[in-house]
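Structure first, then comments.
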Amino acid sequence: MPRYWLRCIGCGAEYPGSARVYSCPACGDLLDIVYDMDREVSEIPWLRNFESRPLGVWRYRELLPVEDYRHVVSMNEGGTRLIRCRNLERELGIKEIYVKYEGDNPTGSFKDRGMTVGVTKAVEAGAEMTICASTGNTSSSLAAYSARAGLGCAVLVPSKRIALGKLSQALIHGAKVLAVRGNFDDCLRIVRELSRDPRFYLLNSDKPV
Ligand SMILES: [Zn+2]
């Protein structure tokens with residue numbers, strides 16, 4: 001397995017890969033995952049069978065920050081179809097244009113690519129429940145992968161923005177959907193506070209502050 005750790009993009013502070021932190025404890029900035037690539041390239045074992053591996057996120061498992069990839073929470077996400085766009089080619093005068101059809105993913109969105117890794121990390125961390133603030137694809141994906149892993153899942157949404165159509169997928173997968181009197185930022189603040197409790201694992205796409 002590759003050695004990896006976390007490095008703050010702001011102050012450069014470093015933390016172990018297993019640290020349960022979502023942003024830099026020193027300055028609050030975002031964390032990058034850094035790999036010991038020299039060591040990996042020199043070892044090379046995974047490159048030998050790379051081409052024969054099935055398409056998908058875990059094809060690149062040695063470059064994903066998990067401790068033991070034999071226990072990944074996966075539903076064969078990634079490896080989505082390429083669709084040729086002949087009309088766009090003509091219109092733009094470009095010889096070949098292909099788009100990835102991310103609707104091929106298990107819950108119908110690209111969010112599954114991140115959630116397969118994120119929920120695997122939640123399992124590794126020993127969490128009991130995953131949490132997020134979301135009104136859309138993040139909640140569907142998180143709920144599905146959490147169910148797959150046998151974890152609980154709670155989704156916080158602003159009470160005025162509840163669209164049952166969008167949240168139905170999360171509900172079908174057993175997520176608890178909690179309406180918060182407030183806006184999306186209030187939901188995000190609450191899930192961040194909850195994530196200090198080790199029982200809860202936060203899986204949100206966060207924005208730089
Ligand atoms: Zn920092």
Side-chain angles (χ1 to χ4, degrees), residues 1-43 46 57-69 71-74 77-78 109-143 145-146 149 151-158 175 178 180 182-209:
M1 290 301 295
R3 204 161 67 81
Y4 65 92
W5 59 96
L6 307 170
R7 183 186 292 153
C8 174
I9 64 167
C11 72
E14 294 189 341
Y15 307 95
S18 57
R20 184 82 172 267
V21 288
Y22 302 96
S23 55
C24 177
C27 76
D29 216 330
L30 300 175
L31 298 167
D32 238 350
I33 297 164
V34 186
Y35 291 91
D36 187 354
M37 288 304 290
D38 289 343
R39 201 186 85 151
E40 265 313 285
V41 170
S42 66
E43 288 178 357
W46 66 286
V57 170
W58 295 97
R59 188 182 201 203
Y60 309 92
R61 58 194 181 219
E62 285 86 352
L63 296 174
L64 295 170
V66 298
E67 303 296 326
D68 187 345
Y69 55 76
H71 306 298
V72 299
V73 183
S74 172
E77 52 293 310
S109 88
F110 72 96
K111 295 283 183 181
D112 295 343
R113 292 176 179 271
M115 285 305 174
T116 181
V117 182
V119 173
T120 298
K121 291 301 289 180
V123 171
E124 281 186 350
E128 294 171 18
M129 180 174 259
T130 59
I131 51 174
C132 76
S134 164
T135 54
N137 290 333
T138 295
S139 61
S140 316
S141 183
L142 182 60
Y145 279 85
S146 300
L151 299 177
C153 174
V155 177
L156 273 68
V157 290
L178 307 168
V180 173
N183 58 26
F184 187 78
D185 285 341
D186 294 320
C187 296
L188 207 50
R189 181 176 48 76
I190 294 168
V191 289
R192 277 201 190 112
E193 280 171 24
L194 281 173
S195 70
R196 290 191 201 126
D197 183 326
R199 289 174 298 171
F200 301 118
Y201 196 91
L202 175 59
L203 277 164
N204 247 111
S205 311
D206 207 350
K207 58 180 187 287
V209 287

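Just follow the structure's listing: the first ligand is 1, and inside any ligand the first atom is 1. Below, each value reflects all heavy atoms present in this structure, side chains not excepted, and no hydrogens, waters or symmetry copies.
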Q: Might you confirm whether atom CZ of Phe110 has over 12 heavy atoms from other residues, nucleotides or ligands at distances under 6.0 Å?
A: no
Q. So which heavy atom on Glu77 is nearest to which on Asp112, and how close?
A. CG-O, 3.7 Å
**Q.** salt bridge (Lys or Arg N to Asp or Glu O under 4.0 Å) contacts in which one or both residues fall within residues 8-27, not counting sequence neighbours
**A.** Arg7-Glu14
Q. Does any non-hydrogen side-chain atom of Met115 lie less than 4.5 Å from one of Thr138?
A. yes
(Q) Listing by chain and number, which protein N, O or S atoms are under 2.8 Å from the Zn ion (ligand 1)? (A) Cys8 SG, Cys11 SG, Cys24 SG, Cys27 SG
Q: Over all heavy atoms of both residues, which pair between Tyr201 and Gly118 is shortest? Give the atoms and the distance, please.
A: CE2-O, 3.9 Å
Q | Least distance between heavy atoms, Pro65 atom then Lys121 atom | A | O-NZ, 2.9 Å
